[in-house]
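Structure first, commentary second.
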2 protein chains.
Amino acid sequence: MSYSPLLVRLIDGLRCMPGVGQKSAQRIAFHLLERDRDGASGLSAALADAVDGIGHCSRCRMFTESELCSICSASGRDTAQLCVVESPADVMAIEDATGFRGQYFVLMGHLSPLDGIGPEELGLSKLEEWLGNGEVKELIIATNPTVEGDATAHYLADLALRNSVTASRIAHGVPLGGELEYVDGGTLSHAFYGRRAVD
Amino acid sequence: MSYSPLLVRLIDGLRCMPGVGQKSAQRIAFHLLERDRDGASGLSAALADAVDGIGHCSRCRMFTESELCSICSASGRDTAQLCVVESPADVMAIEDATGFRGQYFVLMGHLSPLDGIGPEELGLSKLEEWLGNGEVKELIIATNPTVEGDATAHYLADLALRNSVTASRIAHGVPLGGELEYVDGGTLSHAFYGRRAVD
């Protein structure tokens, strides 16, 4: 016993999304068909247009449907500072939270040799070219504080060194509002040994 | 600062799915664009075809692209037993787990006056018509053991009574393999007072 062919195809199609298994896909399919067919049609069109239209910014690799993304094409950004992040969401987070006015380079992932993701997949030859033109004075490394993010950070620091660009990494430690008692040991140890003089 | 227009539209579109908020929608959009554009195109087509093609079985309300679903159009099913369930997934679960060879009626929800879901939205006039034609001898009520499912079950039992059809409800109690110590109080109490003579 199985669902009708079109429904089976819809459920299979929904499973291409990360974190969506058979049960979630069924639940989503039933919801869309029973309660939100307009939403489903809209999603279908949005997916088709996105696949057709969205590519990468030729400068920073951000998702965009233009040649350059809105940050790379904006005037008045500081070209001396370049911040490297893993994902487009990190760009948004930094833009919203900080007053950073420099430029970004989006890796779209991190070094992960086992998954076949090396320097070429992250566009690092393009980054090296950028660093080589002498405009960038500081490379701000904002990869995630994970094993892969750390390895990527080391690789990026070497790249900066080879091109005589200063490299820095965003600080890791106890989050604001966090209580020491409840912070995990790794973070606390990192914060402790990375203590800074009070000025 | 925001994403490019097509990407914003994709993220908004993904949020029509239940359980998908802004962060999940971003994660799904990035995954599809970066790693699975074929999957995204397939999903787009599957959604469009499903919205166009899939309707309800004119007899039991199951999702199908034909006039009758595969169970209603099958020969050799027992027309004297009719099992009422809340969702298409329940039909699959019962078909897979039991030897039931009767027919189904799918409510596509449960009574929920606050959400504007009354007897008409559940197709109960169609069910009453079916019960009225004299073919069905037993109405097996398999709604979920929740507050709304219980209310719906009471309504269905009344409906059966009015049409002189025997109504039964699937048993609720301690699940097989469960340990009494870890079963919630409501289920245990229900199992205790619903005890049956050992024959």
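Everything numeric in this text was worked out from a predicted model, so none of it was measured. In what follows, chains carry the letters A, B, and so on, assigned in the order in which the sequence lines appear, proteins first and then strands, with residues in each chain numbered from 1.
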Holding to salt bridge (Lys or Arg N to Asp or Glu O under 4.0 Å), I want the full list of residues that pass it with A/Arg162, two or more places apart in sequence or in another chain.
A/Glu128

Region of B/Ser2 that comes under 4.5 Å of a non-hydrogen atom in chain A:
backbone

With the 4.5 Å side-chain cut-off for hydrophobic clustering, are B/Tyr3 and A/Val106 part of the same group?
yes

Remaining members of the apolar cluster that contains A/Leu139, side-chain heavy atoms under 4.5 Å
A/Leu82, A/Val84, A/Phe105, A/Leu107, A/Leu111, A/Ile117, A/Leu122, A/Leu124, A/Leu127, A/Trp130, A/Leu131, A/Val136, A/Ile141, A/Tyr155, A/Leu156, A/Leu159, A/Val165

Give the member of A/Ser87, A/Gly55, A/Ala29, A/Ala48 that has the highest number of heavy-atom pairs under 4.5 Å with chain B.
A/Ala48

Please say whether more than 12 non-hydrogen atoms of neighbouring residues, nucleotides or ligands are located less than 6.0 Å from NE2 in A/His154.
no

Hey, could you give me each pair passing salt bridge (charged side-chain N to carboxylate O under 4.0 Å, His left out) that has a residue in residues 166-185 of chain B? Not counting sequence neighbours.
B/Asp150-B/Arg169

ILVMFWY network linking B/Val51 to A/Phe30, side-chain heavy atoms under 4.5 angstrom:
no

Among A/Arg35, A/Glu95, A/Met92, the residue with the most heavy-atom pairs under 4.5 Å to chain B is A/Met92

Region of A/Leu32 that comes under 4.5 Å of a non-hydrogen atom in chain B:
side chain

Looking at A/Val20, A/Leu33, A/Ile28, A/Asp52, which makes the most heavy-atom pairs under 4.5 Å with chain B?
A/Leu33

At what distance, to the nearest 0.5 angstrom, does CG of A/Leu43 lie from CE of B/Met17?
6.0 Å

In terms of heavy-atom pairs under 4.5 Å, which option from A/Ala46, A/Ala50, A/Gly39 contacts chain B the most?
A/Ala46

Checking heavy atoms, do the side chain of A/Ala45, its backbone, both or neither come under 4.5 Å from chain B?
both

Top residue by heavy-atom pair count (under 4.5 Å) with chain B, among A/Gln26, A/Arg15, A/His31, A/Arg27?
A/His31

Nearest 0.5 angstrom please: A/Arg9 CZ to B/Asp49 CG, how far?
4.5 Å

Quick check: under 4.5 Å, non-hydrogen atoms only, which of residues 58-78 of chain A neighbour chain B?
A/Met62, A/Phe63, A/Thr64, A/Glu65, A/Ser70, A/Ile71

Picking from A/Gly42, A/Ala89, A/Ser41, which has the most non-hydrogen pairs under 4.5 angstrom with chain B?
A/Ala89

Under 4.5 Å between side-chain heavy atoms, counting indirect links through other Ile/Leu/Val/Met/Phe/Trp/Tyr residues: same cluster for B/Phe192 and B/Val183 or not?
no

Honestly, the part of A/Glu34 sitting under 4.5 Å from a heavy atom of chain B is both

Check A/Cys16 against B/Ala40 and note the closest heavy-atom contact, atom names and distance.
SG-N, 4.4 Å

